K.L.:
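One structure is given below, represented as structure tokens, and several questions about it will come after.
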Amino acid sequence: MSRVFDMPFSSVYPLYVAKVERKGRTVDELDAVIRWLTGFSEAELARHARGTTTFREFFDDARLTPQASEITGVVCGVRVEQIDDPLMYRIRLLDKVVDELAKGKALAKVMRTSAPAAAQG
């Protein structure tokens, strides 16, 4: 696991981009989901995506959204909510929301937001 923890985020970010773009999604949508999960600003995310920040440092800097606990399901054959290691749990949360985006889930659903009552009509 430590090999993943010490991997630069910038080496994995292009793989996330390629994955979502192959499925017709945009980098802007990907960045919105990552910023939602991590609490990073646009500039902070760009710095991590270009730099040498490891996954460990990336998530040390992150301020996970309170809705992160609502992210459940299987990623890489493992049920996310059953992962014991806190850092691996966060990494798999990120993998899960990227997967959801790539599979065509609406951005609002990926980000666990509900429509205002007036708009539900």
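The chain is numbered in sequence order, starting from 1. None of the values given here were measured: they were computed from a predicted structure.
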K.L.:
According to the interplanar angle, ranging from 0 to 90°, do the rings of Phe9 and His48 count as parallel (below 30°), tilted (30 to 60°) or perpendicular (above 60°)?
P.N.:
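Phe9 vs His48 ring planes: perpendicular.
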K.L.:
Do you know the tightest heavy-atom contact between Trp36 and Thr65?
P.N.:
O-CB, 3.3 Å
K.L.:
A side-chain contact here means heavy atoms from C-beta on lying under 4.5 Å apart; do Arg112 and Ile71 qualify?
P.N.:
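Sidechains of Ile71 and Arg112: in contact.
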K.L.:
Strictly by modelled atom types, are Tyr89 and Asp84 linked by a side-chain donor-acceptor pair under 3.5 Å?
P.N.:
no
K.L.:
Using a 4.5 Å cut-off on heavy atoms from C-beta on, say whether the side chain of Phe55 contacts that of Arg90.
P.N.:
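Side-chain contact under 4.5 Å: no.
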K.L.:
Would a 4.5 Å heavy-atom cut-off, applied to side chains only, mark Phe5 and Thr54 as touching?
P.N.:
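They are not in side-chain contact.
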K.L.:
Let me confirm one number: the OG1-CG distance from Thr26 to Asp31, rounded to the nearest 0.5 Å.
P.N.:
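One finds 8.5 Å between OG1 of Thr26 and CG of Asp31.
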K.L.:
Tell me the closest heavy-atom pair linking Glu44 and Ser41, and the distance in Å.
P.N.:
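Looking at all heavy atoms of both residues, the closest pair is OE1-N, 2.6 Å.
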K.L.:
Quick one, Thr72 and Val80 - any side-chain contact, counting heavy atoms below 4.5 Å?
P.N.:
no
K.L.:
Please examine the side chains of Leu64 and Leu93, heavy atoms only from C-beta on, and report whether any two atoms are closer than 4.5 Å.
P.N.:
yes
K.L.:
List the atom of Pro66, the atom of Ser69, and the distance in Å for their closest heavy-atom pair.
P.N.:
O-OG, 3.7 Å
K.L.:
Between Arg92 and Glu81, does at least one N-O distance fall below 4.0 Å, as a salt bridge requires?
P.N.:
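Answer for the salt bridge query: no.
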K.L.:
Ion pair present between Asp99 and Lys105, side-chain N to carboxylate O less than 4.0 angstrom?
P.N.:
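No, Asp99 and Lys105 are not salt-bridged.
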K.L.:
May I ask you to check whether Phe40 and Phe58 place their ring centers less than 6.0 Å from one another?
P.N.:
yes
K.L.:
So which heavy atom on Ser10 is nearest to which on Ala49, and how close?
P.N.:
CB-O, 3.1 Å
K.L.:
Show the numbers, then the answer: is there a side chain to side chain contact (heavy atoms under 4.5 Å, CB included) between Glu29 and Leu101?
P.N.:
CA-CA 8 Å; Glu29 290 173 312; Leu101 183 66; 4.2 Å; yes
K.L.:
With side chains defined as the heavy atoms from C-beta onward, is the minimum distance between Thr113 and Leu107 less than 4.5 Å?
P.N.:
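Thr113 does not reach Leu107 side chain to side chain.
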K.L.:
Determine, step by step, whether Val27 and Tyr13 satisfy the side chain to side chain contact (heavy atoms under 4.5 Å, CB included) criterion, reporting the C-alpha distance in whole Å, the side-chain angles of both residues, the deciding distance to 0.1 Å, and the verdict.
P.N.:
CA-CA 10 Å; Val27 174; Tyr13 179 77; 3.5 Å; yes
K.L.:
Where do Met88 and Asp85 come nearest, in terms of heavy atoms and distance?
P.N.:
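The answer is N-OD1, 2.9 Å.
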K.L.:
Following the transitive rule for hydrophobic clusters with a side-chain heavy-atom cut-off under 4.5 Å over Ile, Leu, Val, Met, Phe, Trp and Tyr, establish whether Val78 and Val4 coincide in one cluster.
P.N.:
yes
K.L.:
Is it true that atom CD of Glu42 has more than 12 heavy atoms of other residues, nucleotides or ligands lying nearer than 6.0 Å?
P.N.:
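At most 12 heavy atoms, drawn from other residues, nucleotides or ligands, come within 6.0 Å of this atom.
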K.L.:
For Thr38 and Leu45, run side chain to side chain contact (heavy atoms under 4.5 Å, CB included): C-alpha distance rounded to whole Å, both residues' side-chain angles, the deciding distance at 0.1 Å, then the answer.
P.N.:
CA-CA 9 Å; Thr38 62; Leu45 177 56; 5.8 Å; no
K.L.:
Can you check whether Arg56 reaches Leu87 side chain to side chain, under 4.5 Å on heavy atoms?
P.N.:
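Yes, their side chains come closer than 4.5 Å.
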K.L.:
Using side-chain heavy atoms (C-beta onward) and a distance below 4.5 Å, is Val33 in contact with Tyr16?
P.N.:
no
K.L.:
When you look at Leu30 and Arg25, which way does the side chain to side chain contact (heavy atoms under 4.5 Å, CB included) test go after all the steps?
P.N.:
CA-CA 8 Å; Leu30 172 65; Arg25 302 308 286 261; over 6 Å; no
K.L.:
So how far is it from Asp6 CG to Glu57 CD, rounded to the nearest 0.5 Å?
P.N.:
8.5 Å
